[in-house]
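All values below were derived from every heavy atom in this structure, side-chain atoms included, with hydrogens, water molecules and symmetry-related copies excluded.
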Amino acid sequence: MKHLPLFLLFFSVNICLSQTKWHPFVGAYASMDGGGYYAGPSFQIGTDYSLKKKNSLVTYFHYFPKKLNNSFSNGTYEYGKYRSATLALLVQVRLSKKEKKGMLLAGGAALQRTSENYLSDIEVINSKRLILVAALRIGHLFPIGNKILSLELNALGPHQSSMDTAPYISQSIELLTQLSFGARVIF
């Protein structure tokens, strides 16, 4: 709920700007973190700005919260709270000849902030990070009256991270930091 004022401000600015070149959108997705441990619904709001006939500049905010609360009969347990907030800027290309129908492909960069608080009978994780990652979108557009429905897959990553646990420094590469499948309605 603390992000609701930001959502309302962003949405109302997009509605005011919805002219022929500006196309605001809202979306609902099924998302998961890079490890596939946290999975659930997420939400996206943004705008497409038409550059040329087939090209657009896309900016969006994507929010993915998830909680775990699992207790098992053998005495083990896990409680977790995960949050991901992403700001992205993409260049999008429609691959079909029709303006409101067909395949789309987009790529760009995203700033992703994640936080995780996890507690189990064997492990405790408290982490926060702010990273710059590549963003990719592939989808298909369907006209619905004067609006457009886009079914799509969004991916963030890769990201290389290092962890300093004396006397060792371990490095890992996440191929994906977040994967989302869903739909957005473009106004």
Side-chain angles (χ1 to χ4, degrees), residues 1-3 6-7 10 25-48 55-72 76-93 95 103-140 150-184:
M1 286 308 261
K2 68 180 182 178
H3 296 289
L6 177 65
F7 171 82
F10 194 74
F25 61 82
V26 294
Y29 298 82
S31 295
M32 69 176 194
D33 68 320
Y37 198 70
Y38 296 97
S42 64
F43 310 97
Q44 192 177 105
I45 182 168
T47 189
D48 290 359
N55 300 335
S56 299
L57 193 60
V58 180
T59 183
Y60 67 81
F61 173 75
H62 192 112
Y63 185 62
F64 172 40
K66 182 63 181 170
K67 289 184 180 180
L68 294 176
N69 189 1
N70 298 325
S71 297
F72 303 101
T76 60
Y77 61 90
E78 60 182 356
Y79 307 110
K81 185 177 180 182
Y82 177 82
R83 300 271 186 264
S84 172
T86 306
L87 286 172
L89 181 63
L90 308 174
V91 175
Q92 180 173 288
V93 177
L95 302 175
M103 295 291 295
L104 66 88
L105 185 61
L111 193 60
Q112 183 185 34
R113 181 182 187 280
T114 58
S115 67
E116 178 183 14
N117 295 315
Y118 177 83
L119 171 67
S120 74
D121 54 309
I122 58 171
E123 186 175 23
V124 175
I125 298 172
N126 291 307
S127 69
K128 290 183 180 182
R129 71 180 185 182
L130 180 65
I131 57 174
L132 182 64
V133 293
L136 177 68
R137 171 182 284 167
I138 186 166
H140 197 280
S150 178
L151 296 179
E152 58 196 31
L153 180 69
N154 292 297
L156 300 176
H159 174 69
Q160 180 179 356
S161 61
S162 60
M163 200 160 107
D164 188 2
T165 52
Y168 306 104
I169 296 177
S170 64
Q171 293 200 354
S172 64
I173 295 177
E174 289 179 88
L175 293 178
L176 293 173
T177 61
Q178 185 171 307
L179 187 64
S180 303
F181 178 74
R184 63 186 171 117

*Does any non-hydrogen side-chain atom of Leu105 lie less than 4.5 Å from one of Leu136?*
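They are in contact (side-chain heavy atoms under 4.5 Å apart), so the answer is yes.
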Just how far is it from atom [atom1] of [X] to atom [atom2] of [Y], taken to the nearest 0.5 Å?
X: Leu89; Y: Thr59; atom1: CG; atom2: OG1; result: 5.5 Å
X: Asn117; Y: Lys81; atom1: CG; atom2: NZ; result: 7.5 Å
X: Thr114; Y: Ile131; atom1: OG1; atom2: CD1; result: 6.0 Å
X: Asp33; Y: Arg83; atom1: CG; atom2: CZ; result: 13.5 Å
X: Leu175; Y: His159; atom1: CG; atom2: NE2; result: 12.5 Å

*With Phe43, which residues qualify under ring-ring contact (aromatic ring centres under 6.0 Å, His included), at least two apart?*
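Partners of Phe43 by the ring-ring contact (aromatic ring centres under 6.0 Å, His included) criterion come out as none, since no residue qualifies.
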side-chain hydrogen bond (donor to acceptor under 3.5 Å, both in side chains) partners of [X], counting only residues at least two apart:
X: Glu174; result: Arg129
X: Thr86; result: none
X: Tyr29; result: Gln44, Glu152
X: Gln160; result: Gln171

[X]: side chain to side chain contact (heavy atoms under 4.5 Å, CB included) partners, not counting sequence neighbours:
X: Leu87; result: Phe61
X: Tyr77; result: Ser71, Tyr79, Leu119, Asp121
X: Leu104; result: Gln92, Arg137, Leu141, Ser150, Arg184
X: Val91; result: Leu57

What's the shortest heavy-atom distance between [X] and [Y], and which atoms?
X: Leu156; Y: Ala110; answer: CD2-CB, 3.7 Å
X: Ala135; Y: Tyr60; answer: CB-OH, 4.5 Å
X: Ser31; Y: Ser42; answer: OG-OG, 2.5 Å
X: Tyr63; Y: Ala85; answer: CD1-CB, 4.3 Å
X: Leu90; Y: Ala109; answer: CD2-N, 4.5 Å
X: Ala155; Y: Leu176; answer: CB-CD2, 3.8 Å

*Restricting to pairs with a member in residues 55-70, which pass salt bridge (Lys or Arg N to Asp or Glu O under 4.0 Å), not counting sequence neighbours?*
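Qualifying pairs: none.
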*Measure centre to centre between the rings of Tyr82 and Tyr118, then say whether the value is under 6.0 Å.*
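Not close enough - the centres of the two rings lie 6.0 Å or further apart.
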_Asn154 vs Gln178, test: side chain to side chain contact (heavy atoms under 4.5 Å, CB included). Steps then yes/no._
CA-CA 8 Å; Asn154 292 297; Gln178 185 171 307; over 6 Å; no
